[in-house]
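Proteins come first, then strands; the chains are lettered A, B, ... in the order of their sequence lines, and each starts at number 1. Just so it is clear, the structure is predicted and the values come from calculations on it, not from any experiment.
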Amino acid sequence: MSAVAADRPPEFATRLLAWFELNGRHDLPWQHPREPYRVWLSEIMLQQTQVATVIPYFRRFLERFPDVATLAAAPVDDVLALWSGLGYYARARNLHRCARQLVDEHGGQFPRSLDALAALPGIGRSTAGAIAAQSWGARAAILDGNVRRVLARHRAIDGWPGAPAVQRRLWVVAEALLPDDRLADYTQALMDLGATICTARRPDCAACPVSAECIARITDTVARYPAARPRKPRARRRARMLLAFNARGELLLERRAPVGIWGGLWCPPMLDDDALSGDGGHALLDAADRIETLPQLHHAFTHFDLELQPLRFTLSRSGGVAESGRQRWVSLDELAALGLPAPVRKLLASLDLTVST
DNA sequence: AAATCGGGGCG
DNA sequence: CGCCCAGATTT
């Protein structure tokens, strides 16, 4: 170690690491072995998604794509299919792009520098820090939702952590608290503290290893931190979903545009109410023999609610209507292998009972 | 710096 | 229903 004594004893890290030994999570699937590919994959999956949800996806994904090269060589459809149900599908497309970029530009290896990592698709400053610290023990900070909450309380930092000015202060604190070694454990410990002790709703300050130096705890203002996100009005949109079956019982699906909701996924054709209000007609609906109106479906996105009206019908003549552009007929057996939005998968599953009769 | 992007789970 | 969750990217 350095011969120079630290001006500031690294009490935060010391206490945190001691707590981690006894109370941290040591059995997460991406910790054994703790290597860059697994750390990266877990970090991307854990963006906006909770640990318990991620674990089964992580296992399936790793089984199908055991390394960067396998992932890079796979069709993006396979990646999206395994991602189906996790949400935020841009993550899956970025993951695939990143794997190909790693193979094409970095010899299939993760670059060591933070800047090079953060330049890769889907990897920002925090994820770059997590990969570097956890894989190689680099002295790099992270700032995810858990850490933002812990630090906002520990230093009683006002303002919504999403605000750039607040975020900048939090990064300064995050880097100032970094220990000189054991960075992989330290990073995991900080996230574990936020996930199990310093939780959003009911923090267990009595069990916290750093409560003695926590400004919010000392001033009994823990509930004030972090400040809540400013609320926005939630929009409401309506659309019709066309469940077109042909004489062979196949379902018409189309690949959605890469941007927008359910980007890149396979989905029955949809009609916005705006689009429909014009001529009131559609080639599929015109060709339908009999249209059955299914129960309406509500789906909540982060920033708007979608009300879906499923319309089910059979086309006796399937020629000319489909197999053009991005559309294709899919047998019900093939559905499992395709990346479908979770609510669509649910809807079709409930439909199978009636289809088979 | 602010806006955009656009799932799922939980109490 | 509201909020949270191991954010990144674009304007």
- Tell me: CD1 of Ile123(A) to C1' of dG7(C), nearest whole Å? 12 Å
- Message: Taking the nucleotide of DNA chain C with the nearest heavy atom to each, does Ala118(A) or Cys198(A) sit closer to the 5' end?
- Response: Cys198(A)
- Message: Output the rounded distance in Å from CD1 (Ile44(A)) to C1' (dA6(C)).
- Response: 10 Å
- Verdict with reasoning, Arg328(A) to Glu254(A), per salt bridge (Lys or Arg N to Asp or Glu O under 4.0 Å): CA-CA 6 Å; Arg328(A) 68 179 260 219; Glu254(A) 66 182 20; over 6 Å; no
- May I ask you to verify if any side-chain N or O of Thr127(A) is less than 4.0 angstrom from the OP1 or OP2 atom of dA8(C)? yes
- Gln188(A) has a side chain; which of dA6(C), dA1(B), dA8(C) sits nearest to it? dA6(C)
- Query: Which is true for Pro341(A) with a 4.0 Å heavy-atom rule: it touches a base, it touches only sugar-phosphate, or it touches nothing?
  - Reply: nothing
- Query: Is Val147(A) reachable from Val222(A) through a run of I, L, V, M, F, W or Y residues, each pair having side-chain heavy atoms under 4.5 Å apart?
  - Reply: no
- Message: Measure CG/Asp144(A) against P/dC4(C) and give the value in whole Å, please.
- Response: 15 Å
- Task: Take Thr49(A) and Ala128(A), find for each the nucleotide of DNA chain C with the closest heavy atom, and name the residue whose nucleotide sits nearer the 5' end.
- Result: Thr49(A)
- Query: Using a cut-off of 4.0 Å on non-hydrogen atoms, how would the nucleic acid contact of Val54(A) be classed: base, sugar-phosphate, or nothing?
  - Reply: nothing
- Roughly, in whole Å, what's the span from CH2 in Trp262(A) to P in dG8(B)? 9 Å
- How far apart are the C-alpha atoms of Glu35(A) and Ser135(A), what are their side-chain angles, what is the distance that settles it, and do they pass the side-chain contact (heavy atoms from CB on, under 4.5 Å) test? CA-CA 5 Å; Glu35(A) 50 112 5; Ser135(A) 304; over 6 Å; no
- Task: Considering only atom P, compute the distance from dG11(B) to dA6(C) and round it to an integer number of Å.
- Result: 15 Å
- Item | Geometric cation-pi criterion, Arg112(A) with Trp136(A): 6.0 Å, 45° | yes
- Does dG7(C) have OP1 or OP2 sitting under 4.0 Å from an N or O in the side chain of Gln48(A)? yes
- Task: Let me know the distance between CD1 of Ile261(A) and P of dG7(B), rounded to the nearest Å.
- Result: 7 Å
- Message: Quick check with a 6.0 Å cut-off and a 45 degree axis cone: is Arg91(A) positioned over the face of Tyr88(A)'s six-membered ring?
- Response: no
- Task: Quickly work out the Leu143(A) CG to dA8(C) C1' distance and round it to whole Å.
- Result: 13 Å
- DNA chain B: Pro343(A) or Arg168(A), which has the more 5' nearest nucleotide? Arg168(A)
- Among the candidates dG8(B), dC10(B), dA8(C), find the nucleotide nearest to the side-chain atoms of Arg201(A). dC10(B)
- Query: Base, sugar-phosphate alone, or nothing: which one does Gly85(A) contact when heavy atoms must sit under 4.0 Å apart?
  - Reply: sugar-phosphate
- Task: Please say whether the positively charged group of Arg60(A), taken as NZ for Lys or CZ for Arg, lies over the ring of Trp83(A), i.e. under 6.0 angstrom from the six-membered ring centre and within 45 degrees of the axis.
- Result: no
- Query: Are Arg290(A) and Phe313(A) in a cation-pi contact, defined as NZ or CZ under 6.0 Å from the six-membered ring centre and within 45° of the axis?
  - Reply: no
- Message: Is the positively charged end of Arg125(A) above the ring of Trp171(A), judged by distance under 6.0 angstrom from the centroid and angle within 45° of the axis?
- Response: yes
- For Gln47(A) and dA8(C), what is the distance between atoms CD and C1' respectively, to the nearest whole Å? 7 Å
- Query: Whole Å only: how far is the CD atom of Gln167(A) from the C1' atom of dG7(C)?
  - Reply: 9 Å
- Message: Tell me which residues in residues 23-41 of chain A lie within less than 4.0 Å of DNA chain C, going by non-hydrogen atoms.
- Response: Arg25(A), Leu28(A), Trp30(A)
- Message: Among residues 87-96 of chain A, which ones have heavy-atom contacts with DNA chain B below 4.0 Å?
- Response: Gly87(A), Tyr88(A), Tyr89(A)
- Checking all strands, does Ala342(A) fall into the base, sugar-phosphate, or nothing category for heavy-atom contacts under 4.0 angstrom? sugar-phosphate
- For Glu307(A), what residues pass the side-chain contact (heavy atoms from CB on, under 4.5 Å) criterion, not counting sequence neighbours? Arg236(A), Arg238(A), Gln296(A), His298(A)
- Message: For the residue pair Asp158(A) / Tyr225(A), report whether a side-chain donor-acceptor contact shorter than 3.5 Å exists.
- Response: yes
